[in-house]
Amino acid sequence: MKGLEMKNNVAVISRQVTEMTDDEIHNLKKIVFDSGIVVLKAQNATASDFVDFGRRIGELSPYYEEMYHHPNHKELFVSSNVQTDGKVIGVPRTGKFWHADYAFMAKPFAFTITYPQVVSSQERGTYFIDMASAYERLSPEMKRKIEGGVGTHSVRRYFKIRPTDVYRPISEILHEIDAKTPTVTHPLVVNHPVTGAKILYVSRGFTETISLKDDDLDADEVLKDLLVESGQSDDTFTHPDIRQININEGDIFLWDNRRYVHHAKHNDKVEPTKTYRLTAYDGLPFSAEIDFA
Ligand code: 7UC
Ligand code: FE
């Protein structure tokens with residue numbers, strides 16, 4: 001690919017997405033699976049150019065809660081505290097917890113693509129943990145413990161109250177969350193359908209419980225250990241496997257959402273920020289069958 005260089009294990013591409021050929025798009029997807037995170041520098045795409053680009057990456061899927069939608073493009077998830085024409089568009093302070101996008105749904109997305117529009121003067125980046133490397137780092141004993149295990153995932157702890165929820169009883173809202181997004185089950189070790197990598201599939205934000213083949217093991221303890229070992233319990237973000245990727249206005253970020261958990265890094269000060277996000281499927285199963293033999 002023209003204009004591709006590797007910087008700290010991130011593939012950085014200097015090429016306008018609006019000018020990419022079909023071959024380049026095809027290559028780009030390969031690079032995402034190889035490197036995990038891709039930054040497409042200094043784009044001048046409009047919102048609808050960005051959506052068109054997303055459509056070439058995969059099958060776009062609008063976020064299930066409407067309050068996040070861009071008014072003209074339902075595929076665009078807007079994270080923003082900025083008012084446009086006096087109206088609040090999108091939702092402020094999204095994703096400030098360890099998670100993979102849609103891990104609480106039956107089929108989590110293959111790709112997340114973000115396009116920051118307004119970045120605050122203070123640092124605003126995203127933290128990432130590579131959960132394929134996290135799996136590799138586990139002891140052989142821990143790998144054996146979680147083999148064949150499953151986890152349950154729910155949005156319950158991070159569902160955001162909508163403007164229309166004001167004055168509704170909390171029990172009614174919780175009931176709605178459980179009816180609309182019932183807890184889902186995913187393997188504890190996801191087998192990447194493209195790379196074949198094994199991915200430790202737990203997140204501090206969405207994983208509620210795990211169950212293990214061996215009933216004698218304390219599953220709650222094991223989940224706690226997995227979150228600690230992968231770095232997700234480090235509230236200082238100094239764990240050696242946490243990477244901070246800084247965000248620049250106009251750069252597009254594209255990552256393998258099976259492989260990474262991420263955590264937004266919003267500022268405590270209220271400064272304007274606005275980011276567009278697209279999420280896409282790749283037509284493959286979320287996890288391929290694993291043959292542990
Ligand atoms: O508002 C948010 O932090 C959104 C979060 C609950 N879900 C993001 C996702 O796509 O899983
Ligand atoms: Fe997210």
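All figures in this text were calculated on a predicted structure; none of them were measured in a lab.
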| message | Before you tell me yes or no, could you show the steps for Glu65 and Lys180 under salt bridge (Lys or Arg N to Asp or Glu O under 4.0 Å), namely the whole-Å CA-CA distance, both residues' side-chain angles and the distance that decides it to 0.1 Å? | response | CA-CA 10 Å; Glu65 279 293 339; Lys180 220 194 239 174; 2.8 Å; yes

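Taking the six-membered ring where tryptophan is involved, the planes of His153 and His186 are tilted, since the angle between them lies from 30° to 60°. Relative ring orientation between His70 and Tyr276 is described as perpendicular, the plane-to-plane angle rising above 60° on a 0-90° scale split at 30° and 60°.
The environment of CD in Glu66 is sparse: at most 12 heavy-atom neighbours from other residues, nucleotides or ligands sit within 6.0 Å. Heavy-atom contacts from other residues, nucleotides or ligands closer than 6.0 Å to NZ of Lys213 number 12 or fewer. Counting non-hydrogen atoms of neighbouring residues, nucleotides and ligands closer than 6.0 angstrom, the NZ atom of Lys107 exceeds 12 such neighbours. Annotation for Asn72: atom CG counts as buried by contact number, over 12 foreign heavy atoms lying within 6.0 Å. For Glu141, the CD atom counts as loosely surrounded, since its 6.0 Å shell holds 12 or fewer non-hydrogen atoms of other residues, nucleotides or ligands. Surrounding NZ of Lys74 are at most 12 heavy atoms belonging to other residues, nucleotides or ligands under 6.0 Å away.
Grouped with Met67 in one hydrophobic cluster are Tyr63, Tyr64, Tyr68, Phe77, Val91, Phe97, Tyr102, Phe104, Met105, Phe109, Val155, Tyr158, Phe159, Ile161, Ile170, Ile173, Leu174, Ile177, Phe206, Tyr281, the linkage being side-chain heavy-atom contacts under 4.5 Å among Ile, Leu, Val, Met, Phe, Trp and Tyr residues.
Formation of a donor-acceptor pair under 3.5 Å by the Asp85 side chain with backbone atoms of Lys87 is not found in this model. Side-chain atoms of Asp256 come within 3.5 Å of backbone atoms of Arg258 as a donor-acceptor pair (strictly under, hydrogens ignored). Looking at Gln232, its side chain does come within 3.5 Å of a backbone N or O of Val202 through a donor-acceptor pair. Of the possible donor and acceptor atoms, one in the side chain of Asp165 sits under 3.5 Å from a partner among the backbone N and O of Arg162.
Taking each heavy atom of Pro272 and Asn81 in turn, the nearest pair found is CA-OD1, 3.3 Å. The two atoms that bring Ala100 and Val261 nearest to each other are N-CG1, 4.3 Å, heavy atoms only. Annotation for Ile146 and Leu212: closest pair CA-CD2, 3.9 Å, computed over non-hydrogen atoms. Between Lys2 and Arg15, the shortest heavy-atom contact is O-CD, 4.4 Å. Contact record, Pro108 with Ala103: CG-CA, 3.9 Å, taken as the closest heavy-atom pair. Nearest heavy-atom pair, Thr183 versus Ser154, reported as atom, atom and distance to 0.1 Å: OG1-CB, 3.8 Å.
Hydrophobic clustering places Met142 together with Leu223 (ILVMFWY residues linked when any side-chain heavy atoms are closer than 4.5 Å, directly or through intermediates).
Under the side-chain hydrogen bond (donor to acceptor under 3.5 Å, both in side chains) criterion, Ser211 pairs with no residue at all, not counting sequence neighbours.
For an aromatic pair to be called close, the ring centres must be under 6.0 Å apart, and Phe237 with His263 satisfies this.
In the model, His262 has a side-chain atom that pairs as donor or acceptor with a side-chain atom of Asp101 under 3.5 Å. A donor atom on one side chain and an acceptor atom on the other are found under 3.5 Å apart for Thr152 and Thr209.
Comment: Asp130 does not engage Arg137 in a salt bridge, judged by the lack of any side-chain N to carboxylate O separation of less than 4.0 angstrom. The pair Glu221-Lys145 does not count as a salt bridge, with every side-chain nitrogen at least 4.0 angstrom from each carboxylate oxygen.
In this structure, the separation between OG1 on Thr84 and CD1 on Ile89 is 4.0 Å, given to the nearest 0.5 Å. In this structure, CH2 in Trp255 is found 9.5 Å from CD1 in Ile245, a value given to the nearest 0.5 Å. Distance check: Ile252 CD1 to Tyr115 OH gives 5.5 Å after rounding to the nearest 0.5 Å. In this structure, CD in Gln16 is found 12.0 Å from NZ in Lys41, a value given to the nearest 0.5 Å. Note: Leu226 CG to Tyr135 OH = 11.0 Å, rounded to the nearest 0.5 Å. Atoms CG and OG, on Leu227 and Ser203 in that order, are 8.0 Å from each other to the nearest 0.5 Å.
Each of Thr279, Asn257, Leu254 was evaluated against Ile113; a single residue qualifies, Leu254, per the side chain to side chain contact (heavy atoms under 4.5 Å, CB included) test.
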